[in-house]
Amino acid sequence: MEQPEDEHEPKEMPELPNLDKWDRVVMRMAPFPSGPLHIGNARMVILNDYYVKRYDGELILVFDDTIGSDEKQVEPEAFDLIREGLDYLGVNVDRTVYKSDRLELFYRYAVDLIKREEAYVCDCDPSVWRNEHKVKGKACACRRLSVEENLKRWEMMLDGTYPEKGAAVRLKTGMDDPDPAMRDHVILRISETDHPRVGTKYRVWPLLEYSWGIDDHELGITHIIRGKDLVKEGKIEQHIWSIYGWKHPELLYYGRLKFQDATLSKSKSRQEVLSGAYTGWDDPRTWSLQSLERRGIHADALRKAMLDLGLSIVDISISMKPVYAENRSLRDEEAPRFFFVEEPVWSHLQGLPPDLDTAHAPVHPDFPQRGVRNIPLYPKKLNPEAPVIVGLPERDYEGFKSGDLIRLKDLANFVVERGDPPTLQYDSKSVEEVREADGPIIHWIPENSVPTEIVLIDGSIASGLGEPDLRSVEVGTFLQFERFGFGRVYEKDEIVRVAFAHK
RNA sequence: GCCCCGGUAGUGUAGCUCGGCCCAGCAUCUCGGACUUUCGAUCCGACGACCCGGGUUCAAAUCCCGGCCGGGGCACCA
């Protein structure tokens, strides 16, 4: 097949296997609703979305909201947060399913598996079973129980006779399996935890591998792409599919992602968001999709970076730099330029020619047709005697010596005179002079500049002043502060607030 | 302890199924240079890898064996 070469398209991904076995590709995304999707979940989402779009298939969003555990709990607000993240990524979901709506289905199959003698109700103490039976590969007495006895026990699980952990349904995957991980795994257990959607309606809950063994078939899933932490679960699913003679969906696994420049912890983020230490789920330290959106990271930058990883099952450690590089190439063109000075060193301008009262800087240097920003030097028109003052970046000023020739970008060249206050003596207008002297060209701000705060990636805030035109910028604008970096305006009142994206 | 998976430049990836066109392609990073009134963009260039050892073969990154290294599983979590 001929693939058109388009350098803007992500790398060509491999074909999905055994396409001819299925009428139409049906895939699913199954986040556990404990919080918003973060960059680590993006791979799962993007991969599934990519293949569904490629084959014009169907994508089902399945909220994997079984009861979880003490460490992993369903959080009610997560459902909407997840949808928000999917919207940002541009994922179209054809259908949404909640695991917690399907308990009756899992119960029916549980009874059927018991009747087929493929499963049994085990009331052994979990640690005893682990140490005496799983490790040694020896079946417990429960395994030999009659169907009748098992069904009776099953009812006792449902009606509350058994307490939590008092009994569980085990699937007969085989006590003689060489892999201890595969020996008669629990597929349903008792939990009386309150569920955000269905409350205490059910006290018997399926485990992930079991619910998927049933649902991947019931939902008509043809291809499953998920993290390799689920390969054991995949094997158990295959065991279930074989019992029923169902056609096996294709299983694809990818490795875990580690980010060199980000620490991801949904539970820590949750804690910090709740305590107010983080400003919300869009705090950059959460690395949530919301936070990336706020920073102006284009969904396609994320998409390309994720697809560039391919489908390798190896665990990988990646950097955000490719994402940033892609984002820059996607958004640099649209980004208007502004000056921002973090800790201005206020300096007096002297000897300005009378006609030099405003600086004109291009909105975007590569597109002169987009016009100029005007930076007036004389805000105090009523008091012509007042000195003209500009703010310089402290970092630059520190490196200057008296007598240095520097250029205020888009204005003129000056000779530095260090002091308190520092003064800048007008020298010349054109850029050639400073070039010859090999002097620095720095950005600056005039007196009537706009209070501006930039939220950095580590959550700290760079506060300073932005040039006057920043006042008219709209919320949502992706911009560049010259010699500082790119960011997106996310809020504006007296202060313009920008989320830093990248250099 | 048992089981599974994997090892291509700093990082990520292509190639490995069907050995030769691979003295290994691409991206990113880094470093030079050009250009530019930004530490942005653009252009040019450079650096840099098939884990090791055997074997099969006319020929191996690709197949086989051993070793080493790395990751994961062994929950009444997802």
Side-chain angles (χ1 to χ4, degrees), chain A residues 7 10-12 14 30-34 64-74 99 122 124-127 129-130 134-135 137 157 164-170 177-183 185-191 204-209 211-212 226-233 235 253 255-258 260 304-305 307-326 328-329 332-333 335 337 339 359 361-362 364-367 395-396 407-413 430-432 434-435 440-443 480-486 502-503:
Chain A
E7 52 185 317
K11 179 187 77 191
E12 189 61 23
F32 181 68
S34 61
D64 212 347
D65 62 337
T66 51
I67 201 67
S69 63
D70 288 344
E71 303 84 57
K72 294 186 181 174
Q73 291 179 9
V74 177
K99 271 280 162 66
C122 174
C124 296
D125 179 82
S127 66
W129 198 87
R130 207 179 307 133
K134 185 188 71 184
V135 172
M157 285 178 72
E164 282 191 351
K165 308 237 178 207
V169 180
R170 291 187 185 278
D177 194 299
D179 181 356
M182 288 300 293
R183 292 174 192 156
H185 215 271
V186 169
I187 56 173
L188 294 122
R189 54 34 142 115
I190 299 165
S191 173
V204 174
W205 287 87
L207 269 71
L208 177 146
E209 48 273 55
S211 70
W212 279 116
R226 60 183 172 198
K228 75 165 183 186
D229 47 315
L230 261 23
V231 305
K232 178 202 73 187
E233 285 67 19
K235 286 183 189 167
Y253 300 99
R256 272 192 51 170
L257 287 191
K258 288 194 205 84
Q260 291 155 6
K304 180 175 185 300
L307 293 179
D308 272 344
L309 304 180
L311 257 179
S312 160
I313 196 170
V314 192
D315 289 348
I316 51 180
S317 169
I318 64 165
S319 161
M320 282 299 289
K321 282 179 178 167
V323 177
Y324 297 154
E326 184 60 22
R328 217 179 280 122
S329 76
D332 178 46
E333 284 189 13
R337 268 53 176 172
F339 289 160
H364 190 121
D366 299 337
F367 305 97
R395 262 182 59 196
D396 291 307
R407 180 173 182 81
L408 299 187
K409 189 165 180 292
D410 303 309
L411 181 64
N413 309 322
S430 96
V431 73
E432 271 70 42
V434 79
R435 280 247 179 82
I441 298 170
I442 65 167
H443 57 107
Q480 189 207 40
F481 289 124
E482 296 197 36
R483 306 210 307 140
F484 188 94
F486 294 89
H502 47 74
K503 274 284 196 191

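This one's a predicted model, so the numbers in the text were calculated from it and none came from an experiment.
Separation of the P atoms belonging to C65(B) and G7(B) is 15 Å when rounded to the nearest angstrom. The separation of U8(B) from U62(B), taken at their C1' atoms, amounts to 11 Å, rounded to a whole angstrom. G12(B) sits 11 Å from C29(B) when the C1' atoms are compared, rounded to a whole Å. Look at the C1' atom in both C64(B) and G45(B): the space between them is 43 Å, to the nearest Å. One C1' atom belongs to C52(B), the other to U13(B), and the distance between them is 23 Å to the nearest Å. Comparing the C1' positions of C4(B) and G48(B) gives a spacing of 33 Å, expressed to the nearest Å. Between G1(B) and C58(B), the two C1' atoms lie 47 Å apart (nearest whole Å). As rounded to the nearest Å, G33(B) and G72(B) have P atoms that lie 43 Å from one another.
Not a single donor-acceptor pair, N or O on each side, falls under 3.5 Å between the base of A41(B) and the side chain of E333(A). D229(A) contributes no side-chain N or O that forms a donor-acceptor pair with the base of G73(B) under 3.5 Å.
OP1 or OP2 of A78(B) lies within a sub-4.0 Å distance of a side-chain N or O belonging to T66(A). Contact check, S312(A) against U13(B): a side-chain N or O comes under 4.0 Å of OP1 or OP2.
Here the side chain of R189(A) is nearest to one of A41(B), C76(B), G73(B), namely C76(B). With U38(B), G12(B), C77(B) as the choices, the nucleotide that has an atom nearest any side-chain atom of I318(A) turns out to be G12(B). Of all nucleotides listed (C76(B), C74(B), G40(B)), C76(B) comes nearest to the side chain of K165(A). With G40(B), C76(B), C4(B) as the choices, the nucleotide that has an atom nearest any side-chain atom of P126(A) turns out to be C76(B). When distances run from any side-chain atom of A168(A) to the nucleotides C76(B), G72(B), A78(B), the shortest one goes to C76(B). If you check A78(B), C76(B), C39(B) against the side chain of R170(A), the one that comes closest is C76(B). For D396(A), taking side-chain heavy atoms from C-beta onward, the closest of the listed nucleotides U38(B), C39(B), C74(B) is C39(B). Checked against A41(B), G72(B), G1(B), the side chain of K228(A) finds its nearest nucleotide in G72(B).
The nearest whole Å value for the distance from the CG atom in D332(A) to the P atom in U42(B) is 7 Å. What separates CD1 of I316(A) from P of U8(B) is a distance of 11 Å, to the nearest Å. Atom pair L207(A):CG and A78(B):C1' shows a separation of 9 Å (rounding to whole Å applied). The nearest whole Å value for the distance from the CZ atom in R226(A) to the C1' atom in A78(B) is 11 Å. The distance from atom CZ of F339(A) to atom C1' of U38(B) is 8 Å, rounded to the nearest whole Å. For the pair D308(A) CG and G15(B) P, the computed distance is 13 Å after rounding to whole Å. Rounded to whole angstrom, the span from the CG atom of L309(A) across to the P atom of U13(B) amounts to 6 Å. Distance, D177(A) CG to C3(B) P: 11 Å, rounded to whole Å.
Taking 4.5 Å as the limit, some side-chain heavy atom of L309(A) sits within range of a side-chain heavy atom of L257(A). Contact check for K72(A) versus S34(A): no side-chain heavy atoms found under the 4.5 Å cut-off. Residues K503(A) and Y324(A) form no side-chain contact, since every pair of their non-hydrogen atoms from C-beta on lies 4.5 Å or further apart.
Separating the CZ atom in R130(A) from the CZ atom in R183(A) is a distance of 14.5 Å, to the nearest 0.5 Å. Taken to the nearest 0.5 Å, the CD atom of E209(A) stands 8.0 Å off from the CG atom of L230(A). In this structure, NZ on K258(A) lies 9.5 Å from CD1 on I316(A), to the nearest 0.5 angstrom. Remark: K165(A) NZ to I190(A) CD1 distance equals 11.0 Å, nearest 0.5 Å. Atom-to-atom distance recorded for E482(A):CD and F339(A):CZ is 4.5 Å, nearest 0.5 angstrom.
Closest approach of H364(A) and R337(A) over heavy atoms only: CE1-NH1, 3.1 Å.
Panel note: side chain N413(A), backbone V431(A); no donor-acceptor pair is recorded below 3.5 Å. Judged by distance alone, the side chain of Q480(A) and the main-chain N or O of D332(A) form no donor-acceptor pair under 3.5 Å. One N or O on the side chain of D65(A) and one on the backbone of K99(A) form a donor-acceptor pair closer than 3.5 Å.
The residues R483(A) and D396(A) are annotated as salt-bridged, a charged nitrogen and a carboxylate oxygen being separated by less than 4.0 angstrom.
At the heavy-atom level, L208(A) lies under 4.0 Å from base atoms of the strands shown. Across all strands shown, Q260(A) has heavy atoms under 4.0 Å from sugar-phosphate atoms exclusively, and none from any base. The residue V231(A) sits apart from the nucleic acid: no heavy atom pair falls under 4.0 Å. Backbone-only engagement by S317(A) is indicated by non-hydrogen atom pairs under 4.0 Å involving sugar-phosphate atoms exclusively. Residue F486(A) is in sugar-phosphate contact alone, with no base atom involved, counting any heavy-atom pair closer than 4.0 Å across all strands shown.
Place L230(A) and R183(A) on RNA chain B by their nearest nucleotides, and R183(A) ends up nearer the 5' end. Across the interface with RNA chain B, nearest-nucleotide mapping of A30(A) and K503(A) shows K503(A) to be the residue nearer the 5′ end.
Dense packing is recorded around CD of E164(A), with more than 12 heavy atoms of other residues, nucleotides or ligands lying under 6.0 Å away.
For RNA chain B, the stems formed by at least three consecutive Watson-Crick or G-U pairs, with both atom-pair distances below 3.5 Å, span B:1-7 with B:68-74, B:10-13 with B:25-28, B:30-34 with B:42-46, B:51-55 with B:63-67.
Between L207(A) and the options T66(A), I187(A), L188(A), V186(A), a side-chain contact (heavy atoms from CB on, under 4.5 Å) holds for only V186(A).
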Quick one: which protein N/O atoms are closer than 3.5 Å to N/O atoms of nucleotides 45-49 of chain B? Pair and distance per line, please.
none

Task: Under 4.0 Å protein heavy-atom contact, by nucleotide of nucleotides 28-37 of chain B - B base, S sugar-phosphate only - done: SS-------B
